[in-house]
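Just the heavy atoms: all of them, side chains too, but no hydrogens, waters or symmetry mates, feed the values below.
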Amino acid sequence: MLSAEAEGYVKGVLERNQRILAKTITLVENALPSRQQLAREIVEHLLPRRCKAVRVGITGVPGVGKSTFIESLGMYLVGRGHRLAVLAVDPSSARSGGSILADKTRMERLSAEENAFIRPSPSGGTLGGVASRTRETMVVCEAAGFDVIIVETVGVGQSETAVASMVDFFLVLMLAGAGDELQGIKKGILELADAIAINKADGDNLEKARRARREYENALHYLSPASPHWNPPVLTCSALNTVGIEEVWSTVMAHQRKLEAVGELQAKRRQQSLAWMWTLLEEGLKERFHQHPAVQRRLPEVIAAVQRGECAPTRAASDLLFLLDKDSDI
């Protein structure tokens, strides 16, 4: 049975009220335990009401033009009748926890579209710059009828594995003409990619982009693809001139059809649900550890001892975890 407060949120989301949608996502991102309990109630009721959305993760090196690319792709999709939600994860300040949240200003045309919803979310210092509640936010957006979800990450770093674990298609944007294209590119990024798109392939940069495309295609021959049923293509595009955008989306849809036909997409979604469960479990255990009365009493003393060099970190961790064994009510 839904509480009256939760019912208002659920009703607003299902009616596609963007103001209520934004408030619901703010609630989901709220770290207060009392608000998290309400958020869980809402997400559980929205879970079976989701539409079948295409989930696309986009990452890329700084300066690659992710926002311009997403706006061009978004305008293309909206123009063809899709409803698009963009979850743009911004880097949080290490001191204040605040974030730049500038993606809406960088996507002025797309943010003005009725069938587009752009949500900048602070990463909160989580691994790889993927907001800790991105999965819940995706559920809320899908329940609101958005049939394409784009998750934009901070940039190439530790975010690849995190974003790949929650999307259907993982796109890596690259630049040409910025030195040796393969220098410093992690093998893991290319292995996770369902496609590579070399952006800014226009003007004097066009030939460099074509050369970079050949280099990446050669590199991919030596790597294991993310799926045994899909060979990641290397594409070129110009987000500024909206060239190659249609080809990128056609690639996403071809990937979707291929994986659905062999049952891999369904299996991937099931695996993602398990990954979501384990993430929540680990977060919950960490939270309960810090809330445990015995830990709260001993922690300042143990921290001071480690800082003074009087206690080894391994011994300190063992002693703190042993406190939980003394009290089964964690």
**Student:** Are Met138 and Val140 side-chain neighbours, meaning at least one heavy-atom pair lies under 4.5 Å?
**Tutor:** no
**Student:** Looking at Ser111 and Met107, would you say the former's side chain and the latter's main chain have a donor-acceptor pair under 3.5 Å?
**Tutor:** yes
**Student:** Considering non-hydrogen atoms only, spot the tightest contact between His221 and Glu217 and give its length.
**Tutor:** CD2-O, 3.2 Å
**Student:** Give a yes or no on this: more than 12 heavy atoms of other residues, nucleotides or ligands lie within 6.0 Å of atom CD of Gln37.
**Tutor:** no
**Student:** OG1/Thr24 to CG/Leu38 distance, rounded to the nearest 0.5 angstrom?
**Tutor:** 9.0 Å
**Student:** Kindly indicate whether the side chain of Phe69, heavy atoms from C-beta on, has any atom under 4.5 Å from the side chain of Leu171.
**Tutor:** yes
**Student:** Carefully, step by step, assess Met174 and Val172 under the rule side chain to side chain contact (heavy atoms under 4.5 Å, CB included).
**Tutor:** CA-CA 6 Å; Met174 290 293 185; Val172 178; 3.5 Å; yes
**Student:** Where do Leu235 and Ile198 land on the side chain to side chain contact (heavy atoms under 4.5 Å, CB included) test, with the steps shown first?
**Tutor:** CA-CA 6 Å; Leu235 312 169; Ile198 299 164; over 6 Å; no
**Student:** Is the shortest side-chain heavy-atom distance between Val139 and Arg50 below 4.5 Å?
**Tutor:** yes
**Student:** Could you pull out the closest heavy-atom pair between Pro232 and Leu220, with the gap in Å?
**Tutor:** O-CD1, 3.5 Å
**Student:** Should Leu285 and Met277 be regarded as members of a common hydrophobic cluster, given that ILVMFWY residues are connected when their side-chain heavy atoms come within less than 4.5 Å of each other, either directly or indirectly?
**Tutor:** yes
**Student:** Passes side chain to side chain contact (heavy atoms under 4.5 Å, CB included), Arg135 versus Ser165? Steps please.
**Tutor:** CA-CA 10 Å; Arg135 289 181 178 89; Ser165 72; 2.9 Å; yes
**Student:** Treat each ILVMFWY residue as a node, draw an edge where side-chain heavy atoms are under 4.5 Å apart, and state whether Val262 and Phe170 are in one component.
**Tutor:** no
**Student:** Given side chain to side chain contact (heavy atoms under 4.5 Å, CB included), test Ile58 with Val151 step by step and report yes or no.
**Tutor:** CA-CA 6 Å; Ile58 297 179; Val151 182; over 6 Å; no
**Student:** Check the hydrophobic clustering (I, L, V, M, F, W, Y; side-chain heavy atoms under 4.5 Å; chains of links allowed) and say if Tyr76 and Leu240 are grouped together.
**Tutor:** no
**Student:** Atom CD1 of Ile70 and atom CD of Glu152: how far apart are they, to the nearest 0.5 Å?
**Tutor:** 4.0 Å
**Student:** Can you find a pair of side-chain heavy atoms, one from His255 and one from Lys258, that are under 4.5 Å apart?
**Tutor:** no
**Student:** For a quick test of reading the model, state the closest non-hydrogen atom pair linking Gly57 to Val163 and the distance between them.
**Tutor:** CA-CG2, 3.9 Å
**Student:** Looking only at atom types and distance, does a side-chain atom of Asn199 sit under 3.5 Å from a main-chain N or O of Leu173, one as donor and one as acceptor?
**Tutor:** no
**Student:** Please tell me whether Val234 and Leu206 are part of a single hydrophobic cluster in this structure, the criterion being side-chain heavy atoms less than 4.5 Å apart.
**Tutor:** no
**Student:** Would you mind reporting whether Asp202 and Val243 have side-chain heavy atoms less than 4.5 Å apart?
**Tutor:** no
**Student:** Specify the closest pair of heavy atoms between Leu27 and Gln36, including all atoms of both residues, with the distance to one decimal.
**Tutor:** O-NE2, 4.0 Å
**Student:** Measuring from atom CD of Glu44 to atom CG of Leu2, what distance do you get when rounded to the nearest 0.5 angstrom?
**Tutor:** 10.0 Å
**Student:** Check this for me: Asn231, atom CG, are more than 12 non-hydrogen atoms of other residues, nucleotides or ligands nearer than 6.0 Å?
**Tutor:** no
**Student:** Determine, for Glu283 against Lys286, whether the closest basic-nitrogen to carboxylate-oxygen distance falls under 4.0 angstrom.
**Tutor:** no
**Student:** So, does Asn17 use its side chain to make a donor-acceptor pair with the main chain of Ile20 at under 3.5 Å?
**Tutor:** yes
**Student:** Does the side chain of Leu21 reach to within under 4.5 Å of the side chain of Phe146, using non-hydrogen atoms?
**Tutor:** yes
**Student:** Let me see the working for Arg257 and Glu260 under salt bridge (charged side-chain N to carboxylate O under 4.0 Å, His left out), right down to the final yes or no.
**Tutor:** CA-CA 5 Å; Arg257 289 190 298 269; Glu260 278 186 338; over 6 Å; no
**Student:** Charged N to carboxylate O under 4.0 angstrom, Arg109 versus Glu113?
**Tutor:** no
**Student:** Verify the distance criterion only: is there a donor paired with an acceptor across the side chains of Arg119 and Thr26 at less than 3.5 Å?
**Tutor:** yes
**Student:** In the structure I gave you, are the side-chain heavy atoms of Val167 and Val56 within less than 4.5 Å of one another anywhere?
**Tutor:** no
**Student:** Among Arg49, Arg55, Lys52, which residue satisfies the side-chain hydrogen bond (donor to acceptor under 3.5 Å, both in side chains) criterion with Glu142?
**Tutor:** Arg55
**Student:** Verify the neighbour count for atom CD of Glu114: are there more than 12 heavy atoms of other residues, nucleotides or ligands below 6.0 Å?
**Tutor:** no
**Student:** Restricting to non-hydrogen atoms, name the atom on Ala201 and the atom on Ser238 that form the minimum distance, rounded to 0.1 Å.
**Tutor:** O-CB, 3.9 Å
**Student:** Examine distances only and state if a side-chain atom of Thr242 and a backbone atom of Ala239 form a donor-acceptor pair shorter than 3.5 Å.
**Tutor:** no
**Student:** Can you tell me how far the CD1 atom of Ile149 sits from the OG1 atom of Thr134, to the nearest 0.5 Å?
**Tutor:** 11.5 Å
**Student:** By ring-ring contact (aromatic ring centres under 6.0 Å, His included), which residues pair with Tyr9, not counting sequence neighbours?
**Tutor:** none
**Student:** Roughly how far, to the nearest 0.5 Å, is NZ of Lys268 from OG of Ser227?
**Tutor:** 8.0 Å
**Student:** Do Thr153 and Thr59 pair up side chain to side chain, a donor and an acceptor below 3.5 Å, judged on atom types alone?
**Tutor:** yes
**Student:** Does a side-chain N-to-carboxylate-O contact under 4.0 Å join Glu5 and Arg35?
**Tutor:** yes
**Student:** Kindly give the heavy-atom pair with the smallest separation between Ala195 and Thr251, and that separation in Å.
**Tutor:** CB-CG2, 4.3 Å
**Student:** Is a donor on one side and an acceptor on the other found under 3.5 Å between the side chain of Trp249 and the backbone of Leu77?
**Tutor:** no
**Student:** Examine distances only and state if a side-chain atom of Asn218 and a backbone atom of Arg214 form a donor-acceptor pair shorter than 3.5 Å.
**Tutor:** yes
**Student:** Looking at Arg133 and Glu136, is there a salt bridge between them, counting it only when a charged N and a carboxylate O are closer than 4.0 Å?
**Tutor:** yes
**Student:** Check whether any side-chain heavy atom of His82 sits under 4.5 Å from a side-chain heavy atom of Leu84, and report yes or no.
**Tutor:** no
**Student:** Within a 6.0 Å radius of atom CD on Gln291, are there more than 12 heavy atoms belonging to other residues, nucleotides or ligands?
**Tutor:** yes
**Student:** To the nearest 0.5 Å, tell me how far Leu73 CG sits from Ile150 CD1.
**Tutor:** 4.5 Å
**Student:** Under 3.5 Å, side chain of Asn115 to main-chain N/O of Val78, donor-acceptor pair present?
**Tutor:** no
**Student:** Is a side-chain N or O of His45 found less than 3.5 angstrom from the main chain of Glu41, in a donor-acceptor match?
**Tutor:** yes
